[in-house]
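What follows is a set of notes on a single structure, which appears directly below.
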Amino acid sequence: MSDAAPRDFIRQIIHDDLETGKHDTIVTRFPPEPNGYLHVGHVMSICLNFGVAAETGGHTFLRFDDTNPGKEDQEYVNAIESDVRWLGFDWEDRLTHASDYFDGLYAAAEKLVEKGLAYVDSLSAEEIREYRGTLTEPGKDSPYRGRQVEENLDLLRRMRDGEFGDGEHVLRAKIDMSSPNMNLRDPALYRIRHITHQRTGDTWCIYPMYDFAHTLSDAFEAITHSLCTLEFEDHRPLYDWLLDQVRPANRPRQIEFSRLNLAYTITSKRKLGALIDAGVVSGWDDPRMPTIAGMRRRGYSAAALRDFVARAGVTKKDKLIEMGMLENSVRESFGDSAERRMAVLKPLKVVVTNYPEKQIEMMRAMNHPNDANMGTREVPFSRELWIEQDDFMIDAPRKFFRLKPNGEVRLRSAYIIRCDEFVTDSNGTVVELHCTYDPDTRSGTGSSDRKVKGTIHWVSAEHAVDAEVRLYDRLFTEVNPNTADDPNSLLNPNSLESVAAKLEPTLADLAVGEAVQFERLGYFSPDVVDDSASSRVFNRIVTLRDSWAKIEKQAMQGQN
RNA sequence: UGGGGCGUAGCCAAGUGGUAAGGCAACGGGUUUUGAUCCCGUGAUUCGCAGGUUCGAUCCCUGCCGCCCCAGCCA
């Protein structure tokens, strides 16, 4: 799709490093903490990390940053692996965990202590916070900062051996309590946590902090470029300090880029979880969720997601990207490949009064209007049909090209019909149309070549397959619900609409995982979770562009 | 009011000391048995603002303004 995309600043750096011979092979890593589901924001990071390596013949590690047991879970590692694989990336045998390096990490910690660059602090968490100072005031040295190497080493080993309770001590780097960079005010390196780790069990009761574990894990894996988001920019001096002091064999370089935020959606794991807890969505894979699992269930293709982030680009500027951009990528990914079908979402009965009572004709319909190679299928036509309620109006505006009293319209792949009369119920709602068809206008073979302005879709009532079809809209009413304290107060009450639809017969056996276009309505796919052969459930992946809807909307606004 | 980043069209985004690519959206028009697709066309006298250097500045310098991030024993 966007192949000729210009090099972004990170690819430029990598290109230069290859050119100058600084590196022969590029090694990157995607390092999620397995404490939640991956979302659109992660797609950017995944595509960047796996992308730059693949483009240069390098390779990428999928590394689980599992340094905080208790918050992490195997459910999440399974989900993350399947999401990354589904997106189209392969880590081959490079699936690692920060916990794989606990021994090496601990050895590095002792080394820092021996060099007098780390000490055991026995202040409480609260005291440490007080000693740290504020953004505008420098911090103060802890009274334990002057402990001798021997004592520190002894304490650290006893921490490791389980002699102390949680929070009694912490290992800190000895850097600079008055640094304007908070990350350099003697950051914690190890804390005590008597908790069973999902992989290392009870082997350890001290666990390394992010900065320490992440920097050294990068080095141990010989990562050349450690790509992360902007909020870690302030951590880079610490990252480099650690590399300077520990002097591992490899020296990775951290480079930061901006996160990708999507308009009208949230990506905070906590807030996403709150949606589930409040019951507004059914789970992490609800088709309205911005999680990879949700988007996949909704029917988005991996190619669409990859294209989307490629178009968004890699920069350092904060992004809040419009939904339309994503939807465009999704539509484009199906436009040429999805077969066309007919389905009626909100059915209105049409009786073709001059069509013989028991007659059925098989109409030949193209699977794709722009590609004859995709073949044709047969669709039954009979006296009683379903059409879309929106395709009929009693008092239609001039520009309404669909059915109206005494008006004509073409039934796609079939005949031209004329609306002779409409039947209403006691509320005045139109419940049935009586029409007549023109036998000379049969699609493809008709002897008449007359044209009508509008073409609508339809399904034979007798042959229709019943299905539940779920229509989705944005979850929130605010452009940037991320910044709201309680996004749940900004919910769009109409984010999900379920309709009892009528499908053309071929749709009875459309396989799960397949996407088709319901003509004039959008792209749809069976729901992986709720669909079954006996009761079909479809999701609308995305609508088609709809210029009529736009005209209507403008007309409405004009009246107000 | 400390430190670190970022500011090019409604949303993304190239670009460079020599006169502002592209995509999405929007708006016109053409084709069309999907108001889809496709095709064609329309946008910045201007690059956050103000000064300065220069023959010439979005690009270099100075000042200002705005937005984001940092005070976890989270990542």
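To find a chain, count down the sequence lines: A is the first, B the second, and so on, and within it residues start at 1. Everything quoted here is computed from the prediction, not taken from an experiment.
In this structure, A:Glu127 places its CD atom 15 Å from P of B:rG72, rounding to the nearest Å. In this entry the distance linking CG of A:Asn480 with P of B:rC67 reads 14 Å, nearest Å. Residue A:Asn482 contributes atom CG, which lies 10 Å from atom P of B:rC69 at whole-angstrom precision. Remark: P of B:rG35 and NZ of A:Lys399 are 14 Å apart, rounded to the nearest angstrom. Per the geometry, CG belonging to A:Asn328 stands 6 Å off P belonging to B:rC24, to the nearest Å. Atom CG of A:Leu48 is separated from atom P of B:rA13 by 13 Å (rounded to the nearest Å). The distance from atom CG of A:Leu320 to atom P of B:rC12 is 6 Å, rounded to the nearest whole Å. One can place CZ of A:Phe257 at 13 Å from P of B:rA13, the figure rounded to the nearest angstrom.
At least one cation-pi condition fails for A:Arg193 and A:Tyr207: the charged atom is not both under 6.0 angstrom from the six-membered ring centre and inside a 45 degree cone around its axis.
Within 4.0 Å (heavy atoms only), A:Arg172 reaches no atom of the nucleic acid at all. Across all strands, A:Tyr207 comes closer than 4.0 Å to no nucleic acid atom at all (heavy-atom distances). The residue A:Phe400 sits close to a base: some heavy atom pair falls under 4.0 Å. Using a 4.0 Å heavy-atom criterion, one finds that A:Leu123 contacts the bases of the nucleic acid, with or without backbone contacts as well. Counting any heavy atom pair closer than 4.0 Å across all strands shown, A:Thr134 reaches a base atom. Residue A:Arg132 is classed as a sugar-phosphate contact, given heavy-atom separations below 4.0 Å to backbone atoms only. Contacts of A:Ser258 with the nucleic acid, taken as non-hydrogen atoms under 4.0 Å apart, are absent. In this structure, A:Ile321 reaches the sugar-phosphate backbone alone: every heavy-atom distance under 4.0 Å involves primed, P, OP1 or OP2 atoms, never a base. Contacts of A:Gly335 with the nucleic acid, taken as non-hydrogen atoms under 4.0 Å apart, are absent. Among the protein residues, A:Asn370 comes within range of the nucleic acid bases, having at least one heavy atom under 4.0 Å from a base atom. Nucleic acid contact class of A:Gln517 (heavy atoms, under 4.0 Å, all strands): base. Using a 4.0 Å heavy-atom distance criterion, A:Asp65 is classed as a sugar-phosphate-only contact.
In the interface, the side chain of A:Ser413 is not paired with the base of B:rU33 through any donor and acceptor atom under 3.5 Å apart. For B:rG35, the base has no donor-acceptor partner in the side chain of A:Arg545 [N/O atoms by modelled type, under 3.5 angstrom]. For A:Asp234 and B:rG3, a side-chain-to-base donor-acceptor distance below 3.5 Å is present, hydrogens and geometry of angles not being considered. Remark: the A:Arg410 side chain and the B:rU33 base include a donor-acceptor N/O pair separated by less than 3.5 Å. Judged by distance alone, with hydrogens and angles left aside, A:Glu322 brings a side-chain donor or acceptor within reach of the base of B:rG10, the pair sitting under 3.5 Å.
Base orientation of B:rG72: syn, the glycosidic angle falling within 90° of 0.
Relative to the side chain of A:Lys550, the nucleotides B:rA71, B:rC27, B:rG72 differ in distance, and B:rC27 lies closest.
For the C1' atoms, the distance linking B:rU8 with B:rG43 amounts to 15 Å, nearest Å. Nucleotides B:rG2 and B:rC73, compared at atom C1', are 24 Å apart to the nearest Å. Taking atom P on both B:rA71 and B:rU37, the two are 47 Å apart, rounded to the nearest angstrom. Comparing B:rA36 with B:rA44, their P atoms are spaced 27 Å from each other, to the whole Å. When the C1' atom is compared between B:rU58 and B:rC47, the two are found 4 Å apart, to the nearest whole Å. Spacing of C1' atoms, B:rA25 relative to B:rG5, comes out at 29 Å, to the nearest Å. With both ends at atom P, the span from B:rG35 to B:rU42 equals 27 Å, rounded to whole Å. With C1' as the reference atom, B:rA20 and B:rU45 are 11 Å apart, rounded to whole Å.
Look at A:Glu55 and A:Arg11 and you find a salt bridge, because one of the NZ, NE, NH1 or NH2 atoms lies within 4.0 Å of a carboxylate O, short of that distance. Between A:Arg341 and A:Glu519 there is no salt bridge, since no side-chain N of the basic residue sits under 4.0 Å from a carboxylate O of the acidic one. Salt-bridge annotation for A:Asp546 and A:Lys550: absent, with no side-chain N of the basic residue lying under 4.0 Å from a carboxylate O of the acidic one.
Contact annotation: the side chain of A:Val350 never approaches that of A:Phe392 to less than 4.5 Å [non-hydrogen atoms, C-beta and beyond].
Across all strands shown, B:rA26 forms a Watson-Crick or G-U wobble pair, both distances under 3.5 Å, with B:rU42. Figure legend. B:rU31 is base-paired to no nucleotide; pairs are counted as Watson-Crick or G-U wobble with both atom distances under 3.5 Å. Across the strands present, B:rC55 finds its partner in B:rG18; the criterion is a Watson-Crick or G-U wobble pair with both atom distances under 3.5 angstrom. In this structure, B:rU62 forms a base pair with B:rA50, meeting either the Watson-Crick or the G-U wobble geometry with both donor-acceptor distances under 3.5 Å. The partner of B:rG2 is B:rC70, by the rule that a Watson-Crick or G-U pair needs both atom distances under 3.5 Å.
Just one residue in the list A:Arg29, A:Glu221, A:Gln254 forms a side chain to side chain donor-acceptor pair (under 3.5 Å) with A:Ser226, and that residue is A:Arg29.
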Worked check of ring pair (Phe, Tyr, Trp, His ring centres under 6.0 Å) between A:Tyr415 and A:Phe381 | CA-CA 9 Å; A:Tyr415 298 101; A:Phe381 183 89; 5.3 Å; yes

A:Arg253 and A:Ile13: CA distance, side-chain angles, deciding distance, side-chain contact (heavy atoms from CB on, under 4.5 Å) verdict = CA-CA 11 Å; A:Arg253 198 237 271 215; A:Ile13 289 170; 3.4 Å; yes

How far apart are the C-alpha atoms of A:Tyr523 and A:Phe334, what are their side-chain angles, what is the distance that settles it, and do they pass the ring pair (Phe, Tyr, Trp, His ring centres under 6.0 Å) test?
-> CA-CA 8 Å; A:Tyr523 295 97; A:Phe334 293 119; 5.6 Å; yes

Apply the test ring pair (Phe, Tyr, Trp, His ring centres under 6.0 Å) to residues A:Phe102 and A:His197: give CA-CA distance (whole Å), side-chain angles for both, the deciding distance (0.1 Å), then the verdict.
-> CA-CA 12 Å; A:Phe102 279 175; A:His197 185 281; 5.6 Å; yes

Dump the intermediate steps for ring pair (Phe, Tyr, Trp, His ring centres under 6.0 Å) on A:Phe212 and A:Tyr190, then the final yes or no.
-> CA-CA 8 Å; A:Phe212 187 69; A:Tyr190 265 95; 5.7 Å; yes

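Closest-nucleotide positions on RNA chain B for A:Glu33 and A:Ala312 were compared, and the one nearer the 5' end corresponds to A:Ala312. Residue A:Leu230 is the one, among A:Leu230 and A:His235, whose nearest nucleotide of RNA chain B lies closer to the 5' end (criterion: closest heavy atom).
When the side-chain nitrogen and oxygen atoms of A:Lys319 are compared with OP1 and OP2 of B:rC6, none of them lie within a distance under 4.0 Å. A sub-4.0 Å separation between OP1 or OP2 of B:rA36 and a side-chain N or O of A:Arg331 is absent.
Checked by atom type and distance alone, the side chain of A:Arg412 never pairs as donor or acceptor with a backbone atom of A:Ala365 at under 3.5 Å.
Within residues 182-200 of chain A, the residues that place at least one heavy atom under 4.0 Å from RNA chain B are, in residue-number order, A:Met182, A:Ala188, A:Arg191, A:Arg193.
Under the stacking definition used here (centres under 5.5 Å, planes under 30°), the residue A:Trp548 qualifies as stacked on the base of B:rG35.
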